[in-house]
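In what follows, chains are A, B, ... by sequence order, proteins preceding strands, each numbered from 1.
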Number of protein chains: 2
Amino acid sequence: MGVRNVITIKDVAKDAGVSVGTVSKVLNNIYVTVANKEKVEQSIKGLGYQVNTYARGLKAQRTNTVAIIVPDLISPFFALLVNYVEQALSEMNYKLLICNSYCKKEKEIAYINMAKQNKVDGLICVTYSNSDEYLRDDLPIVSIDRHFKPKVCCVASDNYRGGKIAAEKLIETGCKNIVFIRNGSNINGETLKRGKGFIDACEKAGIDYCTKEFGEETTLEKGGETEHKVCCFLEQCMKNGKFLYDGIFTSSDSLGQIIIEKLKKMGLNIPMDVQIIGYDGLRALNVGAYQLSSIKQPVKDMAVTSVNHLMKLINKEPVDELTILPVSFVDGGTTR
Amino acid sequence: MGVRNVITIKDVAKDAGVSVGTVSKVLNNIYVTVANKEKVEQSIKGLGYQVNTYARGLKAQRTNTVAIIVPDLISPFFALLVNYVEQALSEMNYKLLICNSYCKKEKEIAYINMAKQNKVDGLICVTYSNSDEYLRDDLPIVSIDRHFKPKVCCVASDNYRGGKIAAEKLIETGCKNIVFIRNGSNINGETLKRGKGFIDACEKAGIDYCTKEFGEETTLEKGGETEHKVCCFLEQCMKNGKFLYDGIFTSSDSLGQIIIEKLKKMGLNIPMDVQIIGYDGLRALNVGAYQLSSIKQPVKDMAVTSVNHLMKLINKEPVDELTILPVSFVDGGTTR
DNA sequence: CTGAAAGCGCTTACAG
DNA sequence: CTGAAAGCGCTTACAG
């Protein structure tokens, strides 16, 4: 496809008066004489040479590229996660390929295969399908929120504690009958612990509670199926002009937002009639106040930790199998 | 770095009993006999072969990878844009490298250089620095919202119309003294037309108006410098308990959000005392109602158009130099 | 139509 | 320490 006339390692070798092997060595920080090193570096600068990552990757089996699989970038939490992952990788001279799976198993597998074919050095993933069998032991991979088969490194927020804090907060502010509403995958992941923490706290306090589960659809969309189901459920919870619950904990801020808008439309006052706590801790447009009261995930810390772990795996160093990062309650005006 | 034992084109050639050239041909949809094609396809399936993009790229000067440069993924607008760009590219079997520039010129240039070195087939960029000189005529590139030097393909929303609609809406709902508040780059871009449209509409209506400009900081951050400056400005606009303006148009929803929160803290009622219209048309957490009244950009259409244009450029087909996509007003409760 | 061979830009043993 | 050479997995003229 046309000569693009790129400066190659040959050009700098000729310019510096050394062999390509020597140039390669200074490129890779392998010892050469100071004189040669200087000559080469000068030529590199003079010619504006940049190594061709793909040629290097072809031979060296490494591309300095990492892929991240997330459901989408519509959910602000994933967008923030990817943002900070890119930032951390960029500092280590790694590039980031973004793969939106839309929670489709085929897409997740396709991206995992890409990684297996040495197209990327490693993989960070937030997946919700059962694609364990497609992994391979020698593939550097860090999973967020989800347990793959044993030995796959996993990073998550303290979901159990988050659920517990949410329930405790609702109880402590006077709720008598609370509900945990969730949607998303049922795959063996850390996020399921949000419900466990919630239930344990309710049991301990001896309060009335229940849980309600919605579909696998993880990309909540305006006007989507899950929104519709959730709204129907909320309407059913209205008996004789009274809402069944005085406190709601949701599996994400997005789901919480949908619920808040529906309850308001139904004429309920938040937080006086019903209190709501979400999960994620997102700010309005990411710059304003907290959109709703929530359990805040340490998203930047999760991103940095994932990248650090992945780098260790790529370098064949040992890493902790599971890293749990602390969460905190944030007040967004939907609790009393 | 260790044998990863990947299936190569040689393996399928041997398995199918043909030469690697023949395999390559079926891979690239070049005609071979039906019998051979079938044999090869069977071997590919049987062995689970996938082409190595980098080896292919090395020879063919094409990597099926595109890079996108955006300031960050914290701004929901950019996150959505990247989301839809990835979606469109994925359908054409292209991969997407995400490059956050944080509006730093060095980073923008580094990413442009990467593209020039054939690491990617093309570039989609949302940049705000003056990096024209680093482009090259044979580099497929689509710019969003910004004019590079002549002949660089640009896609944008109808910024002029957006500004005009905003002013007209404010005037029509009774405002007597309105202001356009913006932040971000002053580089020759389409977004500057938001102010022009606003001003023209004000002039035409003969209404009092003014404009206020803040720093180059494009990544608005909670607690950041721009937020501070904006808040100081708003306080100064409060004279004897009365706010100077009854209508505000902002250069983005994010900036609008910051202003709304500050005005509320100052005890003003929105939209009764002051009406606000932003730009972007973002929904609460992307799933809820519009966060504020706004000029909605056709973000998905912008993404798809950019990808289509880029594909044409990669294939050396002609494209329109400038594509303007329509905007619309959306009511988010901050207007009357 | 098909195969053999050269070559894309690197890295890496291997001699020297 | 350095250079010559092989080879990473492909594609692409070139003969046949």
Side-chain angles (χ1 to χ4, degrees), chain A residues 1-40 43-44 47-65 113-114 116-121, chain B residues 1-41 43-44 47-65 93 113-114 116-121:
Chain A
M1 286 246 157
V3 179
R4 299 234 184 140
N5 212 16
V6 171
I7 311 284
T8 75
I9 199 172
K10 263 191 212 161
D11 300 312
V12 358
K14 197 191 293 178
D15 187 80
V18 299
S19 75
V20 295
T22 302
V23 176
S24 175
K25 273 172 195 118
V26 349
L27 253 25
N28 291 287
N29 267 318
I30 295 169
Y31 188 81
V32 299
T33 54
V34 182
N36 274 345
K37 184 169 173 151
E38 270 172 9
K39 280 195 286 183
V40 170
S43 297
I44 287 177
L47 299 170
Y49 168 79
Q50 270 188 282
V51 336
N52 180 320
T53 318
Y54 300 143
R56 169 182 282 181
L58 185 55
K59 184 61 190 162
Q61 309 288 44
R62 121 186 110 82
T63 58
N64 268 48
T65 304
N113 277 333
M114 181 183 76
K116 284 203 284 194
Q117 295 293 120
N118 284 350
K119 271 73 167 194
V120 295
D121 298 350
Chain B
M1 286 243 161
V3 178
R4 300 237 186 140
N5 213 15
V6 170
I7 311 283
T8 76
I9 199 174
K10 262 189 212 161
D11 299 313
V12 356
K14 196 192 295 179
D15 187 79
V18 298
S19 75
V20 295
T22 302
V23 177
S24 175
K25 272 170 196 120
V26 349
L27 252 24
N28 290 288
N29 266 319
I30 296 169
Y31 188 81
V32 300
T33 53
V34 182
N36 273 344
K37 184 169 171 151
E38 269 172 10
K39 280 196 285 180
V40 169
E41 279 170 347
S43 298
I44 287 178
L47 299 171
Y49 169 78
Q50 270 188 282
V51 335
N52 181 320
T53 318
Y54 300 143
R56 168 182 283 180
L58 184 57
K59 182 62 188 164
Q61 309 289 44
R62 125 185 107 80
T63 58
N64 268 48
T65 303
N93 264 306
N113 276 332
M114 181 182 76
K116 284 203 285 195
Q117 296 292 121
N118 283 350
K119 269 75 168 194
V120 295
D121 298 350

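Every side chain to side chain contact (heavy atoms under 4.5 Å, CB included) that V32(A) has, sequence neighbours left out, goes to T22(A), K25(A), V26(A), N36(A), K37(A). Under the side chain to side chain contact (heavy atoms under 4.5 Å, CB included) criterion, A16(B) pairs with V18(B), K39(B), V40(B), S43(B), not counting sequence neighbours. The side chain to side chain contact (heavy atoms under 4.5 Å, CB included) check on E38(B) picks up V34(B), with sequence neighbours excluded. With sequence neighbours excluded, the residues forming a side chain to side chain contact (heavy atoms under 4.5 Å, CB included) with N28(A) are S24(A), I30(A), R56(A), R62(A), listed by chain and number.
Taking all atoms of both residues into account, the shortest heavy-atom contact from L58(A) to L58(B) is CD2-CD2, 3.3 Å. Considering every non-hydrogen atom in both Y54(A) and T63(B), the closest pair reads CE1-CG2, 3.3 Å.
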Q: Evaluate side-chain contact (heavy atoms from CB on, under 4.5 Å) for V20(B) paired with T8(B), printing each intermediate quantity in order.
A: CA-CA 10 Å; V20(B) 295; T8(B) 76; over 6 Å; no
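At dC10(C), one or more side-chain N or O atoms of Y49(A) fall inside 4.0 Å of OP1 or OP2 (strictly under the cut-off).
Computed from coordinates, the I44(B) CD1 to dG9(D) P distance equals 16 Å when rounded to whole Å. What separates NZ of K59(B) from C1' of dG7(C) is a distance of 4 Å, to the nearest Å. A straight line from CG of N52(A) to C1' of dC8(D) spans 13 Å, rounded to a whole angstrom. The CD1-P distance, from I7(B) to dC8(D), rounds to 15 Å in whole Å. Here dG7(D) presents its P atom at 8 Å from NZ of K10(B), a figure rounded to the nearest Å. Taking atom OH of Y54(A) as the reference point, atom C1' of dT11(D) lies 18 Å away to the nearest angstrom. Regarding D11(B), its CG atom lies at a distance of 11 Å from the P atom of dC8(D), rounded to whole Å.
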Q.
What does the 5'-to-3' dot-bracket notation of DNA chain D look like when only Watson-Crick and G-U wobble pairs under 3.5 Å count, and pairs to other strands show as |?
A. |||.||||||||.|||
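Nearest to the side-chain atoms of L58(B) among the listed nucleotides dT11(D), dC8(C), dT11(C) stands dC8(C).
Partner of I9(B) under the side-chain contact (heavy atoms from CB on, under 4.5 Å) criterion, chosen from V51(B), V23(B), N52(B): V23(B). When the options D15(A), D11(A), V12(A) are evaluated for a side-chain contact (heavy atoms from CB on, under 4.5 Å) with I44(A), the one that passes is V12(A).
Sorted by residue number, the members of residues 14-40 of chain A with any non-hydrogen atom under 4.0 Å from DNA chain C read G21(A), S24(A), N28(A).
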